[in-house]
Every structure is written in structure tokens, then in C-alpha cells.
Amino acid sequence: MFDVRFIERVLPALLDGLWITLAIAFLAFAIAVPWGLCAAILHRRGGLAAALTGGYVQLVRNTPVLIQLYLVYYGLPMAGIMLSAFACGVLVLAFQTGGYAAEIFRGSLASISVRQFEAASALGMAPFARWRHVILPQLFLRSLPALTNQAATIIKDTAQVGVIAVMDMNKVGQIWLEKSGNPFDVFIALAAVYLVVTTVVGLAGRLIERRLSFVQ
Amino acid sequence: MSVALENLPYLLRGAGMTVLLSVAAAVPATLAGLCMALARRRTPWLGSLLDGWLFLMRGIPLIVLLVFVYFLLPRTGLDLPPFWGVTLVLAAYYAAFMSEVFRAGFDALPNAQWEAGRSLGLSEPLLLFHVIGPQALRVALPAHLNLCASLIKGTSLASVIGLWELTLASLEVVERTLAPFPIFLSAAGIYFTICFALDRLARRLEVANG
Amino acid sequence: MAEPMLRLDSIEKRFGEVDILRGVSLDVQRGEAVVLIGPSGSGKTTLLRCINMLEDYHAGSVSLDGAPVGYRLEGRERIRMRDSELAAVRADIGIVFQSYNLFPHMTVLANIMLAPMKVRKLSRDEAEARARDLLLLMGLADKADLHPAQLSGGQQQRVAIARALAMRPKIMLFDEVTSALDPERVAEVLTAMRQLASEGMTMVVVTHEMAFARDVADRVVFMEGGLIVEQGPPQQLFGNPAAERTRQFLGRFMNAEGRTCG
């Protein structure tokens with residue numbers, strides 16, 4: 001049942017797909033974090049900005065990634081916007097993860113006392129310096145565990161971009177599942193790589209957390 | 001927009017299937033999650049077993065599991081229809097996360113509640129049913145509802161292995177009408193309506209819990 | 001008389017329907033230590049926070065060393081300062097809060113160095129030298145590399161004082177700085193403040209510490225209901241208050257203090 005030779009053949013193909021998976025996840029995450037941060041900061045201003053960002057977060061939380069992918073991949077060309085499947089994947093996952101990141105930052109921001117803002121302004125610090133030196137470092141530190149989770153989630157979510165014809169690792173795996181007639185081994189290899197990658201991301205997050213943490 | 005309106009009945013039938021699938025998976029997932037959360041309190045070795053399972057479910061994408069089961073099923077000789085295959089995977093996947101939610105609910109109760117119950121001479125099952133259970137479930141319910149919303153979104157992946165539900169229905173309609181925008185938007189709207197309702201309910205319970 | 005360091009002119013402030021400050025005017029001379037006392041809800045903390053615009057006010061004006069704070073008058077119009085202008089003025093006003101409000105993610109030293117470097121544009125070396133001097137002054141030289149959470153409340157509050165002093169402010173405001181402290185920690189903070197006053201720092205202090213007010217204040221101001229009821233040198237105010245309300249308030253206070261001490 002478990003054929004080492006066979007896995008030796010599958011694994012390189014999967015790893016080729018892994019680069020696509022990681023590239024999409026990385027790009028999407030790199031866009032989502034600053035994007036989510038902006039949304040969270042906008043949300044704090046209240047009024048229309050809060051309503052818009054709140055609506056955005058709800059939209060992301062309550063619709064499947066798959067539908068979002070279809071909507072962008074098949075819908076955008078109708079509006080005259082031609083994007084590669086890869087770009088569509090990055091866009092959707094960034095949009096999705098940005099919503100969750102906004103939630104995370106919003107929660108952390110709410111947990112930082114207004115007195116921290118006060119203390120910084122009382123020292124004569126201008127708004128930019130206040131955010132840069134006092135608020136943002138605390139915000140990131142508080143958000144780090146949840147962001148790490150989100151990083152693992154985005155890697156798992158990339159597995160869905162195969163439906164819009166991106167050759168990510170899962171899509172490669174699926175093709176092998178179909179043609180090899182040996183689903184068990186392909187599954188084991190595929191699952192193992194995903195487990196390794198998400199675990200490494202989790203550990204890396206915890207490592208960064210430990211490096212940056214201070215006595216609270 | 002008239003395209004969307006014309007095909008809305010078809011999409012809604014798909015949504016019916018989505019709901020059916022969700023309920024079929026959420027009920028056993030909830031029960032299994034609850035049992036697991038309880039079982040690990042008394043049997044430590046079971047705890048590490050469940051942790052291992054949770055580790056697997058956390059690290060492997062749901063779609064990978066679904067596709068695997070789809071290819072595996074015909075080879076098992078079991079004549080399990082795809083609906084139940086998908087239900088099984090969804091239930092197994094979400095049971096792991098739900099057990100964590102329920103565990104957190106039990107852990108949120110101070111030990112004094114167990115002690116108070118025991119000192120009254122309540123048997124373990126009575127204690128669980130009348131004292132611990134109601135309180136722990138109240139705490140766990142909002143997070144549980146959020147997981148249910150996540151499960152409903154997860155059912156959309158069933159379309160990838162050809163199980164007909166809302167997402168596959170909308171794909172069919174798009175293929176026929178070549179109107180991706182209105183159709184996928186309608187489908188998104190239906191998912192949103194269901195999940196948002198659950199989300200609001202969860203939020204309200206959370207506020208009520210204080 | 002010379003131009004005062006701080007001039008508050010008819011400050012008015014409302015929270016919704018409630019009048020918190022009903023036209024308070026107060027001059028503080030250079031080197032003067034003014035202590036604000038009064039029952040809770042009398043508006044003294046709000047007044048203090050209006051001085052550096054942590055609290056906005058509806059009417060009146062504040063000026064520091066002759067220059068306006070918070071609002072500029074153009075003709076008859078009050079123009080609220082832009083954030084950058086406000087930041088520049090606030091740099092000259094030190095404030096210490098009841099709850100310390102140190103930055104938890106920074107060491108003690110970094111807490112003190114931050115604003116001098118980012119606002120005053122001091123070099124790292126200058127800022128560090130200044131910070132270490134102040135820590136020495138506060139008796140905390142060995143705590144420089146700890147984080148706030150590793151310090152007692154009294155130590156944190158002395159760091160907060162050092163942080164404010166590092167900006168070389170023209171005036172220091174103290175907002176019930178000992179109220180959150182354990183009783184045995186109060187003295188160390190009051191000692192630091194006493195020393196500051198004796199060195200000629202201009203100070204406005206909101207406190208419930210009557211002994212401190214009596215010993216350190218050049219002038220004691222009694223507030224109630226958003227108004228200044230009475231003010232004068234401590235001997236006069238504590239020994240022979242003119243207003244009936246002051247007498248009642250102080251009488252109750254002295255009794256309470258007598259009980260806790262006795």
C-alpha cells in the first residue's frame with residue numbers, strides 16, 4: 001500500500017506546486033497585513049469609515065473563498081479587466097485575509113488603552129510619531145499570535161485556487177490522484193507537505209513572538 | 001440582473017442542498033466534539049490522541065481531505081454515496097475544532113462549580129447535565145455558531161468533487177447563461193444571508209453572556 | 001507682577017448637559033507650586049487636562065509663557081490648533097498621570113528617551129545621558145533596562161516623572177499621581193515632587209494629599225462645582241479658610257485623616 005518509490009516520484013512534482021502555493025500565500029499575506037491595518041485604523045475613526053470597513057469584514061467572513069474566486073476570475077473579464085489566474089488567486093486571498101487581519105488589528109487596537117495615546121500626545125509627539133513608536137509596536141505584538149494563525153490559514157486556503165486553473169500544490173496532487181491510481185500515497189505526501197509547511201509557519205510565528213515579547 | 005432573478009429558484013434549491021449538507025455534518029460534528037471534550041477530561045491518553053487529530057485537521061486543507069475521500073471511496077468497496085462521503089469529512093474536520101470550543105467552555109468554569117455539585121452528592125452525569133453542561137454550553141455557543149458558519153462556507157468545496165449544492169448550481173447556471181457577475185453575486189448573497197444571520201446570533205449571545 | 005508662566009482665562013467645559021468647568025481663571029507664576037484641592041467631581045482634574053488640551057473646552061483660553069495653547073485667537077474667532085502645532089506646545093508641558101501610562105513595550109530608559117529624541121531631536125547619546133541623570137535623581141539608576149511591568153507602582157510613577165522632565169518642560173502638571181499607589185509607596189513619589197518644587201519648577205498639582213499641599217504649595221486652590229471657591233497660601237487656607245464650603249470640606253478631610261492616622 002505504501003510505496004516509497006512512488007512517493008519519490010510524486011514529491012518533486014508536489015514541491016514544484018508548493019512554490020506556487022507559497023508565492024500566492026506570501027504575496028497575499030504581504031498585501032493583507034498593511035491593508036487590514038489600514039482598515040482597522042479607519043474603523044477607529046467611526047462614522048462612514050467604520051460602516052464601510054465593518055461591512056467589508058462581514059462580507060469576507062460570511063462568503064466562501066470559492067465563490068469569491070469564481071466571481072473575480074470569471075467576473076472581472078466581463079468588466080474588461082484581464083488578470084492572470086495567479087493574480088486572481090492573490091487578489092482574492094489578500095482581500096479575504098485582509099478582512100480577518102482587520103478584525104485582528106481592530107481587537108488589538110481596542111485593547112490598547114486610550115491613555116497610551118494620551119501619554120504620547122502629552123509628550124508632544126505628533127500623530128505619526130505616536131503611531132510609529134508607541135501604538136504600532138504594541139499593536140503588532142498583541143496581534144502576532146492571531147496573525148500567525150492567519151498565515152497558516154492562508155496557506156490552507158490557497159489549496160482552493162486550483163479551481164481557477166492555477167497549478168498550485170493541491171492541483172498537482174489532484175492530477176496525480178487521478179492518473180496514478182494510487183490515491184493513498186499521493187494523499188499522504190500531499191498532506192505531509194501541508195502539515196510541514198503550516199507547522200513551520202506556526203513555529204516561526206512563535207519564535208518571532210518570543211524574540212519580540214517583553215514583560216507585561 | 002434579470003438573469004439572476006430568473007435563475008434564483010434554481011440557486012435557492014442549491015442553497016437548500018447546502019443547508020441540508022450543513023445540518024447533516026454539523027449535528028454529528030457537534031455531538032462528536034462534545035463527547036471528545038468530555039472524554040478528554042477523564043482519560044488523559046485520549047487527550048493526546050485528540051491533539052494529534054486536531055493537529056492533522058489544522059494543518060491539512062479541507063479540500064485535500066474531500067478530494068482524497070472522493071478518490072478513495074470507490075476503492076473501499078463501500079457503496080457510500082458522495083453526499084455521505086462529504087458529510088463524513090466535514091463532520092470529522094469540524095468535530096476537531098468544535099471539541100476545542102467545548103473544551104474552552106468547560107475550562108471557563110471554575111473548579112468550585114464541580115466541587116459544589118459533588119459536595120451536594122450529585123452523580124457525575126447529573127452534575128454534567130444540570131450544573132456544568134448548561135453553563136459550559138452557554139460560554140461555548142457563540143464560538144460554536146461561528147464554526148457552523150465556517151462549515152456552511154466549507155460545504156461549497158463539495159462542488160469541487162461534483163456534489164450538487166449552491167456553488168455547483170451557480171457554476172451550472174453561469175455555464176448556461178455566461179453571466180458570472182450576477183449569478184456568483186447572487187450565490188455570494190445567499191451564503192452571506194445564512195452566515196451573517198448565524199454571526200449576528202453569535203454576537204448577540206456573546207453580549208448576553210457578558 | 002511679571003507675566004505668569006501659565007494663564008487660564010475663563011475656561012468653560014461641559015459634558016453633555018453637565019457643566020464641568022464654569023469659567024475658571026487662574027494664573028501660575030514662574031517657579032510657583034499651585035495645588036488644586038476639592039471634592040471629586042469639582043472639575044480639578046478636568047481643568048488640569050484642559051491645560052494641555054487632552055480635554056477640549058468650549059470657551060476661554062490657555063496661554064503658556066505668553067503663547068496660546070490649544071486655541072489661537074484670530075480677531076474674535078477661536079481657531080483650534082492643528083495637531084502639529086499642538087504637539088509642539090505640549091512638548092513644553094509635562095504631565096504625570098494617576099495611572100503612570102508608561103509605554104509597556106519599552107524599557108525604562110527607552111520610555112524616557114523616546115520623546116526627547118523624536119520630538120526634541122536630541123541625539124541618542126544626549127537623550128540617554130539626560131535619561132540616566134534623571135533616573136539617578138529619581139533613585140532608579142539600576143532600573144534603566146527593566147520594563148515597566150517589572151517595577152512597583154511607586155517606581156513606575158517616578159519613571160513617569162522622569163519621562164516628563166526629560167523634555168525640560170516649562171511647567172509640570174500632576175494629576176492625582178499618588179492615588180493609585182499602595183500607601184507605603186506614596187512617600188517616595190511625594191519626595192520626588194517636593195524636591196522638584198524646591199528646585200523652582202513651576203507646578204500644578206491635583207491631589208488629595210493635604211499634608212503635601214500644606215508643606216509644598218505656594219498657593220492652594222479650592223475648587224467645587226466647576227468654580228474656584230477660594231485660594232491663598234496654605235497657612236491661610238488650611239488655618240483660616242474664608243468660605244464656609246472650604247471649611248466644611250477641610251474639616252471633613254482633616255477628620256478623616258485624623259482617623260486613618262490615629
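As the structure is a computational prediction, the values presented were derived from the model and not from experiment. Here is how names work: the chains are called A, B, and so on, in the same order as the sequence lines, proteins then strands, and each is numbered from 1.
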task = Can you establish whether the number of heavy atoms outside C/Arg78 located under 6.0 Å from its atom CZ is more than 12?
result = yes
request  = State whether the number of non-hydrogen atoms from other residues, nucleotides or ligands found under 6.0 Å of A/Phe26 atom CZ is greater than 12.
outcome  = no
request  = Indicate yes or no for a side-chain donor-acceptor contact from C/His105 to the backbone of A/His133 under 3.5 Å, with no hydrogens or angles considered.
outcome  = yes
query = What distance separates A/Ser121 OG from C/Asn52 CG, expressed to the nearest 0.5 Å?
reply = 8.0 Å
note = Rounded to the nearest 0.5 angstrom, the CZ-CG distance for C/Arg90 and A/Leu123 is 10.5 Å
task = Of all the heavy-atom pairs spanning C/Phe103 and A/Ala119, show the shortest one and how long it is.
result = CE2-CB, 4.0 Å
Check whether [X] gets within reach of chain A through its side chain, its backbone, both or neither, counting any heavy atom under 4.5 Å.
| X | result |
| --- | --- |
| C/Ile93 | backbone |
| C/Met106 | side chain |
| C/Ser99 | side chain |
| C/Leu102 | backbone |

task = Report, by ascending residue number, the residues of residues 78-116 of chain A in heavy-atom contact with chain C at a distance under 4.5 Å; give 'none' if the set is empty.
result = A/Arg115, A/Gln116
request  = May I ask you to list the residues in residues 34-43 of chain A that approach chain C closer than 4.5 angstrom, counting heavy atoms only, ordered by number?
outcome  = none
task = Output all residues satisfying side chain to side chain contact (heavy atoms under 4.5 Å, CB included) with A/Glu118, sequence neighbours left out; order by chain, then residue number.
result = C/Arg49, C/Leu54, C/Phe97
key: Heavy-atom contacts under 4.5 Å, residues 108-132 of chain C to chain A   = C/Leu114, C/Ala115, C/Lys118, C/Val119
